[in-house]
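Quick one: structure below, then a few questions.
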Amino acid sequence: MAQTKYTELLKEVTDDKEPVEGLNFIRTIIEEHNRTGRFGGKVHTRFPPEPNGWLHIGHACSILMNHKIAMDYDGIFNFRFDDTNPITEEESYVNAMIEDIKWLGVYKEYENGSNNIFFGSGYFDQFYEYAEQLVEKGLAYVDDSSAEEIKEQRGSITELGTESPYRTRTIEENIDLFKRMKKCEFPNGSKVLRAKLDMSHPNLLMRDPIIYRILHTPHHNTGDKWCIYPMYDWAHGLEDSIEGITQSICTLEFEVHRPLYDWFLNQLTDEEGKPIFHPQQIEFAKVNLSHTVLGKRVMIQLVKDKHVNGWDDPRMLTIAGLRRRGVTAEALRKFMETIGVSKRDKIIDQSILDYCIREDLNNRCPRVMSVLKPLKVVITNYSAEKKEELEVQNHPTIKEMGARKIIFSKTLYIEQDDFMENPPEDYYRLSPGEKVRLKNAYIIKCENVIKDEKTGEISELHCSYEPRPADSASDDSKVRGTIHWISAENSIIAEVRLIDRLFLKENPMETEEGKVFADYINPQSLEITEALVESFLKDAKLGSRFQFERLGYFYLEPIDSTENNLVFNRIISLRDSWSKR
RNA sequence: AGCUCCGUAGUCUAGCGGUCAAGGAUACGGGACUCUGAAUCCUGAGACGGGUGUUCAAAUCACCCCGGGGCUACCA
């Protein structure tokens, strides 16, 4: 488990300066920065989403990674809203994202009352001043060209660009025009501020990129104060610089933006004429997962077309969906560390996520018994009046989780799948004439199978039980199978939502002729059913998690559960090496 | 096509010229153990995209080829 040894490894690094194994490429770069003293040994990371959608598991990995890197180096992590486009952004997304990062455990309040949540819009004044500086230096100009004309001027990947006719305006004229842009004297689209770079640069982004555009639109944070708004490339590096970000970690598609990021920062100076703080942008490959979709547009479609019940549907791999399903932030952290980070395009198999979720839940969930598809069992040699309380451990190995009492009586229910009339050789649950152990209770033997006269379906089983304690060491009737059960007296009915992966196809976006991604939706991704659960669960705390023995891990859903209708989400099934055969 | 990034088992990742007939995780096969066909523990099979060169020595360096991604929004 190389990934978990970072802290140890890092200690070694600071002592002797030899390169270390097991560091991902980002940490290797950071080590190099620290070695050369580029940032004075400081590490300050950030995650800068635009508040125009929902955060998903890929974002979660990035957030958690940025956070962990900062923490491992005794550094700082900022969460920053990159809110420079008032047209697409909404306050509701801001609030949803804040909820997500609090749940992830990366929100921090400082002693002076501030916290680690920032807004790009908080720096609008500074952005403007820097832009004026660029104009004064003759490095930016106001362009009256239309959007179409600018597009035309930009050329293409095979054609060089052409210079705008407004490119040669004097500095004085540009300053005047830019100030008037700020004062809202011009309509939308009539003017932009452009950097004066190189219209024949092979990187299209360097062909006089737009810095400011006119948008007479109120902003969720700054209200009506501005009618010019900065473009991403202008704002982003400045935000990082202002906050003192050392490593600005982003996804691969921003790789081509790095030259621009660097160029802007290299042109600007502070009051003393010194270059402003210059973070290092580092790009990594975003996380893709098998059997799901994470693209914003595609997820929107799932919601709009009602394939799922909203953004926080537990089948969605949004942070809200994962949280509602019952997955813990700790499991996501484990997942992030397990998959690592690189620059290769990847589709991570969802079984790796499943594993991380199970591993996390295994040690934190008490066991209970529940029967999803009940089959009635009558114990023929047990008195109808008799009831027995049996004490059972809540966890097979963690004794601290304590014990509880369950009731054994004449009428019981077992899982339909745990009985087969004509079983294959290697089936070791219950079948006619065979014995099976009831978990935490007695061994029973199937004496008789009762069927519905009309339908021929099995309606109940008549079994005898062996009245000695089932855990008796002298038990020579060695039975191979142990199944779960619940007695009528000890059970209540609850709603159970069996959640499965949303798509049957590994990569739903790779569609076959004439199909769309939605055609690959798993029709059984959500199965709602009633189940018998141990009656003490009616007093369980909402939001608690349990392992229903042999079935999976379940989450007492806090939003939809009511006093008379408990709702349990199956977070993840147990690993099952039997049904795969 | 131009620029650019990437290519290690089914999947994810380590590797920084010899200690690599390539390590770990997951998935998969076999077995042990077990009052969860879980967990745990053994164990097996499985990869350097291809070529040429540099070198005593190449997964690691160079070049070429092949394959994949990104870039032509007044989005981020």
Side-chain angles (χ1 to χ4, degrees), chain A residues 1-3 19 21-24 28 48-50 52-53 82-85 87-89 120 143 145-147 150-151 154-161 188-194 201-205 207 210-215 228-229 231-233 235-236 250-259 283 285 287 290 337-356 358-359 362-363 367 369 392 396-397 426-429 437-441 443 470-471 475 479-484 506 547-552 573-581:
Chain A
M1 301 184 61
Q3 278 91 351
E21 289 184 9
L23 292 179
N24 61 50
T28 304
E50 183 186 16
N52 72 344
D82 209 355
D83 53 351
T84 56
N85 184 356
I87 293 172
T88 57
E89 294 151 11
D143 194 334
S145 304
S146 67
I150 289 176
K151 185 185 169 81
R154 188 155 32 231
S156 71
I157 52 173
T158 49
E159 303 162 82
L160 296 182
N188 285 355
S190 61
K191 284 178 171 49
V192 290
L193 183 71
R194 282 231 255 177
H201 196 107
N203 183 341
L204 292 271
L205 289 161
R207 322 243 261 224
I210 293 168
I211 296 173
Y212 270 99
R213 78 284 215 184
I214 298 171
L215 249 34
I228 57 170
Y229 290 94
M231 297 289 289
Y232 167 84
D233 286 302
H236 205 89
C250 60
T251 48
L252 248 27
E253 70 255 40
F254 293 102
E255 202 149 29
V256 286
H257 292 249
R258 179 153 33 92
E283 311 85 16
V287 168
S290 72
E337 286 174 18
T338 301
I339 62 176
V341 58
S342 70
K343 299 185 79 160
R344 306 167 57 179
D345 294 310
K346 59 189 136 204
I347 300 180
I348 293 155
D349 199 293
Q350 217 175 314
S351 64
I352 295 179
L353 208 215
D354 293 347
Y355 171 81
C356 293
R358 289 191 185 107
E359 196 187 62
N362 183 32
N363 288 329
R367 316 282 127 126
M369 291 205 280
V392 307
T397 53
D426 54 354
Y427 184 84
Y428 47 93
R429 279 112 95 164
R437 188 192 307 274
L438 294 180
K439 175 87 184 170
N440 297 316
I443 289 169
D471 57 0
D475 179 12
V479 295
R480 202 151 51 141
T482 299
I483 64 175
H484 59 279
E506 189 172 305
Q547 186 199 97
F548 289 3
E549 294 225 38
R550 303 210 306 132
L551 295 174
S573 64
L574 250 35
R575 199 164 150 255
D576 182 1
S577 52
W578 161 257
S579 64
K580 277 175 198 150
R581 308 246 221 120

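In the text below, chain A, chain B and the rest are named by the order of the sequence lines, each starting its count at 1.
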- Message: Can you tell me if S351(A) touches the phosphate of U26(B), counting only side-chain N or O atoms and a distance under 4.0 Å to OP1 or OP2?
- Response: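 Checking U26(B) against S351(A), no side-chain N or O comes under 4.0 Å of OP1 or OP2.
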- Message: Applying ring pair (Phe, Tyr, Trp, His ring centres under 6.0 Å) to Y232(A) and H257(A), what does each step give before you reach the verdict?
- Response: CA-CA 10 Å; Y232(A) 167 84; H257(A) 292 249; 5.8 Å; yes
- Message: With a 4.5 Å cut-off on side-chain heavy atoms, are I443(A) and L438(A) touching?
- Response: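 Side chain of L438(A) against side chain of I443(A), heavy atoms only: no contact under 4.5 Å found.
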- Is there side-chain contact between K191(A) and I228(A), with heavy atoms separated by less than 4.5 Å?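 No, their side chains stay 4.5 Å or more apart.
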- Message: Measuring only the C1' atom in each nucleotide, how far is U72(B) from U26(B)? A whole number of Å is fine.
- Response: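 About 41 Å, rounded to a whole number of Å.
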- Query: Taking for each residue the nucleotide of RNA chain B bearing the nearest heavy atom, is the 5' side occupied by K343(A) or by R429(A)?
  - Reply: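 Closest to the 5' end, via its nearest nucleotide, is K343(A).
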- Task: Could you check whether K151(A) gets within reach of a base, just the sugar-phosphate, or nothing at all, counting any heavy atom under 4.0 Å?
- Result: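 Touches sugar-phosphate only.
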- For atom CG of L204(A) and atom C1' of A73(B), their distance in whole Å: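 Going from L204(A) (CG) to A73(B) (C1'), I get 12 Å.
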- Query: L205(A) has an atom CG; how far is it from atom P of C5(B), in whole Å?
  - Reply: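 About 15 Å, once rounded to whole Å.
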- Query: Counting only distance, no hydrogens or angles, is the base of U36(B) paired donor-acceptor with the side chain of Q547(A) under 3.5 Å?
  - Reply: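 A donor-acceptor contact between them is present.
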- Would you indicate what L252(A) reaches in the nucleic acid, counting non-hydrogen atoms under 4.0 angstrom: base, sugar-phosphate, or nothing?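 Result for L252(A) = nothing.
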- Task: Ignoring backbone atoms, establish whether R358(A) has a side-chain N or O less than 4.0 Å from OP1 or OP2 of U40(B).
- Result: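 Checking R358(A) against U40(B): no side-chain N or O falls below 4.0 Å of OP1 or OP2.
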- Item | Any donor-acceptor N/O pair, R358(A) side chain to S573(A) backbone, under 3.5 Å |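 Checking the backbone N and O of S573(A) against the side chain of R358(A), a donor-acceptor pair under 3.5 Å is found.
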- Item | Non-hydrogen side-chain atoms of V192(A) and M231(A) separated by less than 4.5 Å |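 In short, these two side chains do not touch, never coming nearer than 4.5 Å.
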- Given that E255(A) and D349(A) both sit by RNA chain B, which one's nearest nucleotide is further toward the 5' end?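 Residue closer to the 5' terminus by nearest nucleotide: E255(A).
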- Query: Across the strands shown, which category fits F254(A) at heavy-atom distances under 4.0 angstrom: base, sugar-phosphate, nothing?
  - Reply: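 Base contact.
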- side-chain N/O S290(A) vs U11(B) OP1/OP2, d < 4.0 Å: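 False: S290(A) side-chain N/O out of range (4.0 Å or more) of U11(B) OP1/OP2.
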- Query: Across the strands shown, which category fits Y229(A) at heavy-atom distances under 4.0 angstrom: base, sugar-phosphate, nothing?
  - Reply: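 No contact.
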- Task: For nucleotides G70(B) and U13(B), find the distance between their C1' atoms and express it as a whole number of Å.
- Result: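 Between the two C1' atoms, the distance is 23 Å.
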- Message: Side chain of P396(A) only, heavy atoms from C-beta on: which candidate in U36(B), C75(B), A1(B) is closest?
- Response: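 Looking only at heavy atoms from C-beta outward on P396(A), the closest nucleotide is U36(B).
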- P atom, A22(B) versus G49(B): distance in rounded Å?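 After rounding to an integer number of Å, I get 15 Å for this pair.
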- So, do Y232(A) and A76(B) meet the stacking rule of ring centres under 5.5 Å and planes under 30°?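 No.
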- Would you write out the dot-bracket form of RNA chain B, 5' to 3', with Watson-Crick and G-U pairs under 3.5 Å, [ ] for crossing pairs, | for pairs to other strands and . for unpaired bases? .((((((..((((....[....)))).(((((.......)))))....(((((..]....))))))))))).....
- Mind calculating the distance between CD1 (I347(A)) and P (G7(B)) to the nearest angstrom?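 In whole Å, G7(B) P lies 17 Å from I347(A) CD1.
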- Item | Atom-pair distance (CD on E283(A); C1' on C5(B)), nearest Å |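 From E283(A) CD to C5(B) C1': 9 Å.
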- So, does the side chain of H484(A) form a donor-acceptor pair with the base of A38(B) at under 3.5 Å?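 There is none.
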- Are L353(A) and I348(A) side-chain neighbours, meaning at least one heavy-atom pair lies under 4.5 Å?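 No, too far: nothing below the 4.5 Å cut-off.
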- Given the P atoms of C42(B) and G53(B), what is the spacing between them in whole Å?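 Per the computed distance, 46 Å lies between those P atoms.
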- Check whether any side-chain heavy atom of E359(A) lies under 4.5 Å from a side-chain heavy atom of N362(A), and answer yes or no.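 SC-SC contact between E359(A) and N362(A) ruled out.
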- Can you tell me how far C1' in G51(B) sits from the matching atom in C56(B), rounded to whole Å?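 So the two C1' atoms sit 23 Å from each other.
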- Considering only atom P, compute the distance from G31(B) to G17(B) and round it to an integer number of Å.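 After rounding to an integer number of Å, I get 44 Å for this pair.
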- Task: Measure from CG on D233(A) to P on A73(B) and round the result to the nearest Å.
- Result: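 The answer, rounded to whole Å, is 13 Å.
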- Task: Classify the nucleic acid contact of S190(A) as base, sugar-phosphate or nothing, counting any heavy atom under 4.0 Å across all strands shown.
- Result: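 If one applies the 4.0 Å heavy-atom cut-off, S190(A) turns out to touch nothing in the nucleic acid.
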- Message: Heavy atoms from C-beta onward define the side chain here; which of A27(B), C74(B), A14(B) lies closest to that of M231(A)?
- Response: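 Ranking A27(B), C74(B), A14(B) by closest atom to the M231(A) side chain puts C74(B) first.
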- Minimum-distance nucleotide to R550(A) side chain [options: C75(B), G37(B), A1(B)]: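 Output: G37(B).
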- Min side-chain heavy-atom separation P259(A)-L205(A) under 4.5 Å: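 With C-beta onward as the side chain, the pair stays apart.
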- Task: Please determine if a side-chain N or O atom of T397(A) lies less than 4.0 Å away from the OP1 or OP2 oxygen of A39(B).
- Result: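 Answer is no, no contact under 4.0 Å.
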- Could you state the CD1-P distance from I214(A) to A73(B), rounded to the nearest angstrom?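 Checked: the CD1 to P distance equals 20 Å.
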- Which value, in whole Å, describes the distance between the C1' atoms of nucleotides U19(B) and A57(B)?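 About 13 Å, rounded to a whole number of Å.
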- Query: Which part of the nucleic acid, if any, lies within reach of F548(A) when heavy atoms closer than 4.0 Å are counted: base, sugar-phosphate only, or nothing?
  - Reply: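 Nothing, no nucleic acid heavy atom in range.
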- Give a yes/no on whether any side-chain N or O of R367(A) is located under 4.0 angstrom from OP1 or OP2 of A39(B).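 No, outside the criterion.
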- Message: If I pick the C1' atom on U4(B) and the same atom on A9(B), what distance separates them, to the nearest angstrom?
- Response: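 The answer is 29 Å between these two C1' atoms.
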- Message: When you measure from the side-chain N and O atoms of R575(A) to the phosphate of A39(B), is any distance below 4.0 Å, counting only OP1 and OP2?
- Response: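 It does, given that an N or O in the side chain of R575(A) lies less than 4.0 Å from OP1 or OP2 of A39(B).
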- Does A76(B) have OP1 or OP2 sitting under 4.0 Å from an N or O in the side chain of R213(A)?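 The answer is yes; a side-chain N or O of R213(A) sits under 4.0 Å from OP1 or OP2.
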- Item | L438(A) CG to U36(B) C1', straight-line distance once rounded to whole Å |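 Taking atom C1' of U36(B) as the reference, CG of L438(A) is at 13 Å.
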- If we only count heavy atoms from C-beta on, is the V256(A) to L204(A) side-chain gap below 4.5 Å?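 A side-chain contact under 4.5 Å is absent here.
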- Message: Without decimals, in angstroms, what is the distance between D345(A) CG and U13(B) C1'?
- Response: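 Answer to the nearest Å: 15 Å.
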- Query: To the nearest 0.5 Å, how far apart are CZ in R550(A) and CG in L574(A)?
  - Reply: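 One gets 9.5 Å once the value is rounded to the nearest 0.5 Å.
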- OP1, OP2 of U11(B) versus side-chain N and O of K346(A): anything below 4.0 Å?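 The answer is no; no side-chain N or O of K346(A) sits under 4.0 Å from OP1 or OP2.
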